[in-house]
Amino acid sequence: MENLITVLICAPIVMALIMALVSNDKVRGILTYLFGTVIAGLAVTVAVLWFKKGEVLTFDLPQTEIWDHAILVLEYVLMLVIIYLSVKAKKGIISVLAIVQTCLVTGLELFGPKLVIVRDHMKMDWLSVIMILIIGIVGVGIGIYAVGYMRGYHVHHSEVKDRRAFFFSIMFLFYGAMFGLVTSANLIWLYFFWEVTSVCSFLLIGYTQTEEATNNSFKALWMNLLGGLGIALAIAFAFTFIGSVDLYFIVKIASQYGNQYGLLIPIALLGFAALTKSAQFPFSGWLLGAMVAPTPSSALLHSATMVKAGVYLLVRIAIAMNGNTAGQMIYLAGGFTFFMASVLAISQSDGKKVLAYSTISNLGLIVGCAGIGTKETIWAAAFLIIFHAITKSMMFQCVGAIENSTGSRDIEDMQGLALRYPKLAFILMLGIAGMFLAPFGMLISKWAALKAFVDAPSTIMVLFIAFGSATTMFYWTKWFAKILGIGEKNEKDVTEGNEYFSMFAHAIMLLIAVTSLPIISIKVVEPYVKDVFGSAVPAISESNIWTMVILVSAIFVIPLITYGVARSVKHKDVMAYMGGANTGDNKNFVDAMGEAKELKVSNWYLDDWFGEAKLFKPAMWGGIAIILIFLGIVIGGAL
Amino acid sequence: MNSIHKSPWLLHYDGSSCNGCDIEVLACTTPVYDVERFGVVNTGNPMHADIFLVTGGINTQNAEVVKQIYNQMPNPKVVLAIGTCACTGGVFKECYNIQGGVDTVIPVDIYVPGCAARPESIIDGVVKAVALFKEKSKDGDFVEVDEVPGDEEAETEETVAAVETEGGEE
Amino acid sequence: MMCKIITVVAFIILAPFIGGLLDGIDRKLSARMQGRKGPSVLQPFYDLKKLFDKQFLSVNKMQLFMVISYLIFMIVTGAMFFAGMDLLMCFFVLSTVVMFLILASSSTHSPFASIGTHREMMQMMSYEPMVLLTAIGFYLATGSFKVEDIIKMDKPAIIMLPGFFLGFVYILTIKFRKSPFDLSASHHAHQEIVRGITVEMVGPEFALTTLAEWYEYVFLLGIVGLFFVNSNPISYVVAVVVAFAAFFLEILIDNTSARVKWQLMFKLTWIISLVCGGVNLLILEYMR
Amino acid sequence: MSKIMSFTKIALKNLVSKPATTSYPFEPKEYPERTRGHVVLDDDPCILCGMCMRSCPPGAIKVDRAGGTWAINGYDCIQCGYCVEKCPKKCLSIVPGYTEPSSEKTIQTVKVEVPPPPKPAAKPAAPKPAADKAPENKE
Amino acid sequence: MQDLGQDIIKLEKDEFLPEVQKKRNENWRLGQICCAFVDGTTYEVSYSFCKDLEVVHFRLEVGKDEEVLSISRIYDSAVFYENEMHELFGLNVTNMAVDCQDKLYRIKETTPFVKKEEK
Amino acid sequence: MAKRSIVPFGPQHPVLPEPIHLDLVLEDETVVEALPSIGYIHRGLESLVAKKDFNEMAYVTERICGICSFMHGMGYCSTIEKIMGLEVPERANYLRTIWCEMSRLHSHLLWLGLLADAFGFEALFMECWKIREKILDMFEESTGGRVIFSVNKIGGVLKDMPAEMLADFMKRLDGMQKELKKATKVFMNDYTVKSRLEGIGILSKEDAIACGAVGPMMRASGIEVDMRKTGYAAYKDIDFQVITSDRCDSYGRCEVRIGEIFQSIEIIRQAIAQIPDTELSVMAKGFPKGEAFVRFEQPRGEAFYYSRANGTKNLDRMRVRTPTFANLPSLVKILQGAQYGDVPLLVLTIDPCISCTER
Ligand code: NFV
Ligand code: SF4
Ligand code: SF4
Ligand code: SF4
């Protein structure tokens, strides 16, 4: 197993180096398929092998010493890279963050007190396996999609310099970093991988090298570095107060002793770091800015995997947050973000922006679950991670494909997509339904979360969910409604086979995940919860889950039947009602000047209510307030 | 099979009436006359209507509108011309912008004279119209599309056919 | 089990009759409040039959498909409720139901239907929090989301849930499409959006929508009743009486208020949900 | 002060009191005597002078001297009463009762026996009741 | 029957606009504009201005093919009157703020009020 | 990121009894552009002067509109009376005044009802129309018509109202007043109603003058102009205060019209008390020659009547400038930036009468 994990982490990095050298498009495509298959295969193998044993595994990589040193060196390399890039872009101030944290961590490592408790550096449990599978399958799917997408992208955006070699290279590097992140138990290692993902994200956001992209990429960088600083500080505290940098040990201690002896401080700091990574308010800005990046990177980094690193970490430390101030900070930040982001999403008409807000919002929900830190919420959080990763990745890809075909990712331009691009529309509709409709996975998870919050009990979270669900419903529904409706048939679909392959693979994955929800619950999530909490109950009773599964089938079967019925009914076409001024084709009416005027039907965006101009700042300040107040309490309480 | 006589929903369109007949039609729905006693609902939407009440004569602009609304009403349907203007053009028939009564554009089933037509007359007219449904629905399968009945002058038929939407049943 | 099946079958068969009758009573009472004689109480049934008898015109084929799905899922929701299943799930499915209605109307590319659609969404956004909170209230009061468990309590839930009850009756005004919140479908009076969400539904299609609404009436009144039902058989009578009283109240509100705009509806509904639901929730959680 | 549901009192009062609705089609309506319903001709004194025809704003009256008929299109008459005012013989009157709605626009024709060239102040010849008021199809 | 300001003030075309502007400055409102086509040769255009209960009528006499300057830039509400005159009488009103292009009433006939004389 | 939609509002639209078309460009539900189009009722009846003689025209003009029918007939007759220099007998003047005010009552009540309908208060609509029926009954008893009266002739009126009838009417009006008080209170005080009226459709005093607004529209913007104060018919003998409001919004317009309802009853009361006993009409001899402008206060505001006679039985020109025509620019003005839900309401607050406007 140790070796396998090593390969899992190293192989992508090697592949990244190779990809950086390939400039031929065809070769790159073939290599991507090949490497992708290898990575996915490795991920699945790891998962299967681990499952055969089915127990928590702590281990060290072979030659841990070398790894330790390598990471130490690489940390400095990373720091230098950041300094170089930020100085080059005249944003040198950012490098201060990098210098401070790197020096802090490495300084402690090199010159700090000897660690009292040294444990294994690696750990594998159910959660790691879930993450590995997500990265390995969803992530690789996105990689395959990227081959076709980037080709189309450069056809459309001729102004952007073709740096695909760089793009794919970073992508593979990112896989490796992610695998490392989710298997590390040593905080210093985790910190290192964490920084690598930040830099990957930063590089990919700046892919187009436009001014906007550069600005946004640096925004992402400094926010993520702030998170990195959080981890660095957490490490520092752990070093000095606990004498260990073993994540699990820290969590265990903290969950046992609560806020005594400042044990909660590292937990709170880790939580803080996770908030930045998961783009919770006030750190949501970077994720929104990241939408300038080509869609595969949005799908991979900014929805399916990297941002999940934040919530992953939170779920890891959740048990230590149950019922204390650190937990309050996290769940308030999460709940607040869940609500605010879903409200803000209403005012967006850019498809990717909506997805971004929705991602932030859903991450907020997971964060909230983790912050509460009970069995049920962790159950819910695990499912939210799974469903969100699959669905969102699929939707990002779909919006990207739509953009490549229609030249726009504006929701208004998706009018009648069901007629124009039936295949893409199907994916999109499945995704939207998956995001909020009963009885799809996200909703079940949300339901579980709701129930868990009621039991917690946490009135404020219940209210956040109750109101946030309502707003969530609004923005999804209006998007959904847009896709149906009339449109011109037979528009040219330039989506490539590999893109469809990935999207349909996701769709199938989603359906499998939904229908096998009970199995996943019993085989994966419940054991995990049991491992952490000592016992497990699924948040939703089994009978309900089964009803849901039946409903899922119903939701496909019933419309199929009714579709047949509806088709067979005799009818006569009639003009749509336009007050008697219809010119006959349902698209034009007689206007005030007596001429035909084209009808326009647009969605609502409620700018005066929920516009970014109105709510973004308050949301930021709200987030800042929550974090400052509770961090203050945690730290103040310890002193 | 015929159930419309118990629930005739009506649509009122003001052609170029002077409002006199108009407000009398509205008055029919108000407490003193209350046509809802007979199940009449003033729908305001051609797609839901069974009876088409037109007040006022036909002029250049509203001819198209009247035809369109007529075509948007599902079968079976009847048309009532309310008021002298709608019957014949009335006092305005010599005006340059009045083509004449409603029957110059769509087939009219019942004429309700009066200037203004009294609510009582309108009620009588509606009652007569409802009786017509019995015959109308007997005319075979009304799910079938039928063109505007050709009991008018050829010229009318042409213009009406011109605004018919294309495409028959599916 | 047998008993459950009987209830569900009874719901499926009887609900349209009850719903239609309620509709008829509504129309009759409204007419009388307006000083009119009004139609017969059976009028809704005549209307329904007529609508089925009309020619079927269609703007978009998609619509019929959505409307049928709307009806079927509405029945499923009601059936789930009367089968004693999970209340929260009923509500979740209910929002799926509304989705179908929204999709039905938005598929037509009609300006009025489109505005109706958006208002319907706005309404949904307004009442959804209270709906969810109601389910949570029941859970806190009785320890279960399941209707079959809730009705086995020995005290009516209303004792614990007065705030939720108020809030729920409040949003019923929206769900029943009554003034002041009859914004998207314009059941009563004339509205700027013509018939809003149902504007392009012709004959049979409109009939199906009406039918679904009747099912919804019964389902919603069922929930009103649920606040009162407990293991005591007399409570069922009380529940029915209260459901009728609530219905009458809605008619009265309908006839004594102007239609407000959605802005006000949204604001008021959220505030009331927050106050009624939130306060009661806090109290319940504090009591726990 | 704003109140909510301030209409309640009126609504409830309406609910319990008798509705304002007439039972029109089931009970005939009683019109006030001035009601301008339709124009009737007392054919005795009529001299078919055509004054009414010329003064009628919509042109609803047709007087045919040669054929000896006076005809009115009830679907064209706007009940203005101008003919009544203008008739030199005062043989027209406008009385309650509206022209019935129907599916055809019919014209009421009255046969008028015009007396021989009138001698001033002479009584008209013995009238022959012109009962032929049967509607004729116009179109 | 008393009606204030019955007198109609005849104006020449060049003093017309300044007069109107003066009225506007004194906060008079535009009462109406009426056009009549008399004798088959001239248009009589009457402009009425009101203030409180007072009223003043200006009268322009315009030849058949002559032009009238629009006052719609002084009084917005003149737009409807002027378009109406143009559509029904064929009066040439120039410089209108909004020109409906004879689509105000969208009638079939052109200039129905002057037809007989012209054709 | 507001996106625009376009809604063809009308010509057939249930909320407006009359056909008028508006191209509404919306952002969400906010109207950013409103283009009205008229002409669906245009008949061109002013051109009938060439075909009908000037006496017949009295019957044509009262059919300009079925709501303000009486005053149209009267206005037209007045122009001819003025041209021919006829002195209308006093009783006729008083009768005209009474009928004018009854018209105003019926028109305002009709409007109140429609307004209630526009904001979705069906019961209130019914209540207003129920009360209005009583006035129609009075009309029918006195003139023989419910909405078109045909009692005006050049030189006077055709029908008299005997003293018993007047007394009876007064009694009925007293009864009505009580009911009206209750119903109008709802308009003025109800929370939901106020939420629809207050602050909606603001037309400032300056705008009102610039747009040439008339009638209640203008008076609700705080401008005190009422043509009845010029003292036509019997108004010279009647004591009344012009009702205005400074609110400038829909609520103000509603307030003004409600005030006028009660004022009308009061005016009728005064007129009945003072009505003299004279002839009903004077004979008009010959054909008129000359021209005349007359201004009257219609329910919707100031109307201009103009006739130009040339000494033959056909007039040269007859023109009516109706209040709604004058109020259209104000409508366009207040529609800008309104909410879509308020559009019918705003259209109604000018109390539009399209058949008057387009003639
Ligand atoms: N008042 C009035 Fe008229 C007139 N003149 C107006 O616009 O209603 Ni039909
Ligand atoms: S018939 Fe008379 S009342 Fe009716 S619209 Fe014509 S003119 Fe007006
Ligand atoms: S009815 Fe009178 S006016 Fe007419 S023809 Fe006879 S006599 Fe002459
Ligand atoms: S009442 Fe008027 S319309 Fe009727 S016939 Fe006499 S003049 Fe003609």
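These numbers were taken from a predicted model, which means no experiment stands behind them. We name chains A, B, ... by the order of the sequence lines, and we start the count at 1 in each one.
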Quiz item: Minimum heavy-atom separation for R118(B) to Y31(D), with atom names?
Solution: NE-CE2, 3.2 Å

Quiz prompt | Region of F38(B) that comes under 4.5 Å of a non-hydrogen atom in chain D | solution = side chain

Quiz item: Which of the residues I122(B), I110(B), V127(B), L80(B) is involved in the greatest number of heavy-atom pairs with chain D at under 4.5 angstrom?
Solution: I110(B)

Practice problem: Might you point out which heavy atoms bring E100(D) and P113(B) nearest each other, and give the distance in Å? | Solution: O-CD, 4.0 Å

Quiz item: Which answer fits A129(B), side chain, backbone, both or neither, if we ask what part of it has an atom under 4.5 Å from a heavy atom of chain D?
Solution: neither

Quiz item: Who wins among I123(B), I82(B), T30(B) for the most heavy-atom pairs under 4.5 Å with chain D?
Solution: I123(B)

Quiz item: What distance do I78(D) atom CD1 and T84(B) atom OG1 have between them, rounded to the nearest 0.5 Å?
Solution: 7.5 Å

Quiz item: Crowded around K90(D) NZ? As in, over 12 foreign heavy atoms under 6.0 Å?
Solution: yes

Practice problem: Would you confirm whether T21(D), through its side chain, and P31(B), through its main-chain N or O, come within 3.5 Å as a donor-acceptor pair? | Solution: yes

Quiz item: Taking the side chain from K105(D) and the backbone from C87(B), do they hold a donor-acceptor pair closer than 3.5 Å?
Solution: yes

Quiz prompt | Contact summary for S121(B) and P101(D), nearest pair of heavy atoms | solution = O-CG, 3.4 Å

Quiz item: How far apart are the closest heavy atoms of S103(D) and D109(B), and which atoms are they?
Solution: CB-O, 3.0 Å

Quiz item: Quick check: are there more than 12 heavy atoms from other residues, nucleotides or ligands sitting under 6.0 Å from NZ of K93(B)?
Solution: yes

Quiz item: Looking at D34(B), V112(B), V32(B), which makes the most heavy-atom pairs under 4.5 Å with chain D?
Solution: V32(B)

Practice problem: Output the option from C80(D), G37(D), C77(D) having the highest count of non-hydrogen pairs under 4.5 Å with chain B. | Solution: C77(D)

Quiz item: Which region of Y75(D), side chain (C-beta onward) or backbone (N, CA, C, O), has a non-hydrogen atom less than 4.5 Å from a non-hydrogen atom of chain B, or is it both or neither?
Solution: both

